[in-house]
Every structure is written in structure tokens, then in C-alpha cells.
> 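Okay, here's the structure, questions in a sec.
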Amino acid sequence: MKKKIFSKICIFIILLNVLFIYIGKNVFARESSSQLSSSTIQETINQAYKKFKPVMDGENASYIPYLKKADGKLYGIAIVTVDGRVFKAGDAEYKFPIESISKVFTLSQVLYKSGAESVLHKIGVNATGLPFNSVLAIELNQDKISGSLPPGNPLVNAGAIATASLVAGQTLDAKWQSIIDTASSFAGHTLHINNDVYRSEMDSNQHNQAIAILLQSYGHLYANPTETVDLYTRECSYDVDAVDLATMGGTLANGGTNPRTHTVVVDPATSARVLAVMATAGLYNTSGEWLFKVGLPGKSGVGGGILAVVPGKFSIGVYSSRLDNAGNSVRGQQAVQFISEALKVNIFSSEAR
């Protein structure tokens, strides 16, 4: 009897070992196939840099005096992976104003601290399909034609201004400190406001002031309109470089934990929701074309930055100041599309790694 029991135990242990070996091999195989080598990534961004460096299509943002003066020849690419590897090419460490890409990280902060329902019920997350600074979108949403709330979406100006009005703090300076601290945690080091950009934009932000007052009239601005536009303008005026952008996006790709500092900035649920909003409205009224061509959540800024995120893998940051008619970096879009195709990371593709 004891021999039979012992034999059954031995057989069970053998089968268990075989099962563990089988599972281990398959997990390792999946991990190996999804792990892009450092040489492959670096070679790919080198190719993207070389291929699009001659491109000089588009123009600098002319309605912001500081941005109009930017050197259109500058061009940099960076990738940061979820395991903290950093790759760069060209002018990847050149500082430039983050502009509308900052909306991603303020949204992350408000979502994380106030919850998804607050954003859904006070701002909305549907794409407006109209230019980023559209007042018509507010009116159409208010008339319930699109089924959206008046601010529309956190990544267009109206929605971003409403999002800024939800940032907690007793004073304007306290709210600003909260925003820049969060952005710095995403980047992995202290970021600083570019006062020249801030002053330049404060002198020419009458349109955003009008948006804030219109939102207030519809009951969808949640703080003083003058202070909120000031806060929003500061939010768009801190400097980053392509490596910063890739690190900030890499934090979202890594479920809210900075892959270089290992600091938990937001939780995975917040990261997933932010990436969803980026997919719907990250490149304004050309977001559909971007997703069709590139297949990645992305965000642009009129300062020339482009951010794209491959969830669970890495993020791409690109800088080139010359923009298309929608306000998106021409070379930035081309470079990210090239990288997405070369590395096969389109999230909608059955061939995605």
C-alpha cells in the first residue's frame, strides 16, 4: 500500500515538473519574442532620423511669437522602454515648450486624484472632430448634437481648460506647483517653466480667455476663469526635450510607474484611461488619420513635440518645430509612423510584437 502511494506521489511530482517546464518555456518564448533588442531600437531611430532629416515641410506656429522663432532645422528622436532603456538620435536633448502635450499629464493628475467619473461628468471624453481651439465645438456640444458635455474632451483647449479648473489647491501658485510636480515625476527630474513662452502666450491668449468665460456661462468651469487660463498657460509653458517626452510617455506605457526612477506616479487604471483619450483626440481633428496610419495613442503640441505610446513596451518622443495645418509636427508624425511600422508595434495589428 505504501509503495503504491509513494509511486503515485513520484508520478505527480514528475508531471508537475513537466508542467512547470512547459509553462516556463512558453512564458520565456513570449517574453523573448516581445523583447526588442537595444541594437534594433537604436538602428530604427537612426534610420528614422536620417530618412526625415531633409524634410522641411510645414511652418512654425506663427500665432505665438516665441514659437515662430524656433529653428526649423532641429530634429530629435528618443525612445524609453518600460525596463528603463533610453535611445536617442539627433537633437533629442534640445529643450522646447511642451505646449498641448502637457494636457496628457494634467489629465492624468486629475483622473488619478478625482476619479474617472468626475472627468466623465464634468468634461467628457468624446472627440470633437474640430480644431483644438474651436469655440463652435463647445456650442455644438451644449446643443446636444454630439451628445458630449460643452468642454468636449480633455485634450482640446476647452476640455483642457476645464481640466485645469479641477486641479486641487487653495491658490493659483499651489495649483501650479501641483501640476509641475506631477509633470516632473513623469519626466523623472524637475521641470521648469519657460518664462519667455509664458509671457508670450499670456499676451496673446484672449481666445482661451473667451473659451473659459463661455464654459463658465454653461456651468462647466470649476474655478475662477482668469486664474484658470493663467494656470493653463503655465501648464503649456514648461520646457522638455524628446527624452523627457519619451520618459513621460514611458511612465504611461509602464502602467503609471516611471521606468527610469521607479516612482509610482499614477495607477495602471489611470494610465489606461489616459491612453484611450489620447487615441481619440491626441492629434486634434486629424486624430483618426493618425490612428489609421500609426496605430498608437499619441499627442502633439504646437511647440513641435510628438508623443506616442506603445502600452507595455515603450514610448517615442520626437521634436521638430515645423507643423502641418492641424498643428502637428510634420517630421514628428513621419518618424513615429516609420518606427511603428519598422518595429511592428501598431496596437491594432495582428502582427504586433
Side-chain angles (χ1 to χ4, degrees), residues 63-64 98-176 178-179 182 198 201-237 273-274 276-278 280-285 287 299-302 326-327:
Y63 58 93
I64 299 173
I98 191 167
E99 295 296 340
S100 285
I101 303 175
S102 66
K103 297 170 182 175
V104 169
F105 308 106
T106 303
L107 171 61
S108 298
Q109 175 183 350
V110 170
L111 267 174
Y112 186 48
K113 294 187 177 180
S114 300
E117 293 303 310
S118 178
V119 171
L120 279 173
H121 295 150
K122 293 183 176 181
I123 301 170
V125 293
N126 290 324
T128 68
L130 292 170
F132 64 91
N133 60 350
S134 175
V135 174
L136 179 60
I138 300 172
E139 296 287 2
L140 291 175
N141 290 339
Q142 176 63 17
D143 288 340
K144 307 302 180 187
I145 291 176
S146 68
S148 296
L149 296 168
N153 186 289
L155 300 187
V156 297
N157 286 18
I161 290 168
T163 302
S165 76
L166 290 171
V167 173
Q170 294 298 313
T171 66
L172 173 60
D173 287 341
K175 293 178 181 180
W176 163 242
S178 177
I179 285 177
T182 297
Y198 169 67
E201 297 198 17
M202 283 297 288
D203 289 339
S204 58
N205 68 0
Q206 291 81 10
H207 192 86
N208 285 332
Q209 293 174 31
I211 286 174
I213 292 170
L214 183 60
L215 289 174
Q216 184 188 41
S217 74
Y218 286 142
H220 283 278
L221 195 76
Y222 310 104
N224 177 277
T226 301
E227 287 193 353
T228 298
V229 173
D230 191 323
L231 182 64
Y232 170 73
T233 305
R234 296 187 197 191
E235 170 191 319
C236 294
S237 301
R273 291 182 175 115
V274 170
V277 177
M278 289 171 65
T280 62
L283 275 80
Y284 309 122
N285 46 315
S287 296
K299 186 70 191 82
S300 63
V302 295

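The chain is numbered in sequence order, starting from 1.
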> Under 3.5 Å, is there a donor-acceptor pair between the side chain of Ser102 and the main chain of Glu99?
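Yes; judged by distance alone, with no hydrogens or angles, the pair exists.
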> Rounded to the nearest 0.5 Å, how far apart are OG1 of Thr226 and CD of Gln216?
8.5 Å
> Considering all heavy atoms of both residues, which atom of Lys175 and which atom of Ala223 are nearest to each other, and what is their separation?
NZ-CB, 3.8 Å
> Is the side chain of Asn205 donor-acceptor paired with the backbone N or O of Asn208 at a distance under 3.5 Å, no angle test?
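It does not hold such a pair.
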> Can a side-chain donor-acceptor contact be found between Thr182 and Tyr112 if the only test is distance below 3.5 angstrom?
no
> Is it true that a side-chain atom of Thr106 and a backbone atom of Lys103 form a donor plus acceptor pair closer than 3.5 Å?
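Between the backbone of Lys103 and the side chain of Thr106 there is no qualifying donor-acceptor contact (under 3.5 Å).
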> Measure across Ser178 and Lys113 and return the closest heavy-atom pair with its distance rounded to 0.1 Å.
OG-NZ, 3.9 Å
> Roughly how far, to the nearest 0.5 Å, is NE2 of His220 from CG of Leu214?
11.0 Å
> Looking only at heavy atoms, which two atoms of Val274 and Ser108 are closest? And how far apart?
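Nearest heavy atoms, Val274 then Ser108: CG2-OG, 3.4 Å.
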> OG of Ser237 to CD of Glu201: how many Å apart, nearest 0.5 Å?
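Taking OG in Ser237 and CD in Glu201, the distance rounds to 4.5 Å.
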> What closest approach, in Å, do Ala174 and Thr171 show between heavy atoms, and which atom pair accounts for it?
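Smallest interatomic distance, heavy atoms only, reads N-OG1, 3.0 Å.
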> So do the side chains of Asp173 and Arg234 get within less than 4.5 Å of each other, counting heavy atoms only?
yes
> Indicate yes or no: at least one non-hydrogen side-chain atom of Ser300 is less than 4.5 angstrom from one of Tyr284.
yes
> In the structure I gave you, are the side-chain heavy atoms of His207 and Ile211 within less than 4.5 Å of one another anywhere?
yes
> If you measure from CG on Leu231 to OG on Ser165, what distance do you get to the nearest 0.5 Å?
9.0 Å
> Give, for atom OG1 of Thr163 and atom CG of Leu107, the distance between the pair rounded to the nearest 0.5 Å.
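Thr163 OG1 to Leu107 CG: 6.0 Å, rounded to 0.5 Å.
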> Would you name the heavy atoms of Ala162 and Leu221 that are closest together and state the gap between them?
CA-CD1, 4.1 Å
> Please report the shortest heavy-atom distance between Asp230 and Met202, naming the atom on each side.
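Heavy atoms of Asp230 and Met202 come nearest at OD2-CE, 3.9 Å.
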> Could you measure the distance from the OG1 atom of Thr280 to the CG atom of Leu155? Nearest 0.5 Å is fine.
6.5 Å
> What I'd like to find out is whether the side chain of Ile123 reaches to under 4.5 Å of the side chain of Leu166, using heavy atoms alone.
yes
> For atom CD of Gln170, is the number of surrounding heavy atoms from other residues, nucleotides or ligands below 6.0 Å larger than 12?
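Check fails, neighbour count at 12 or below.
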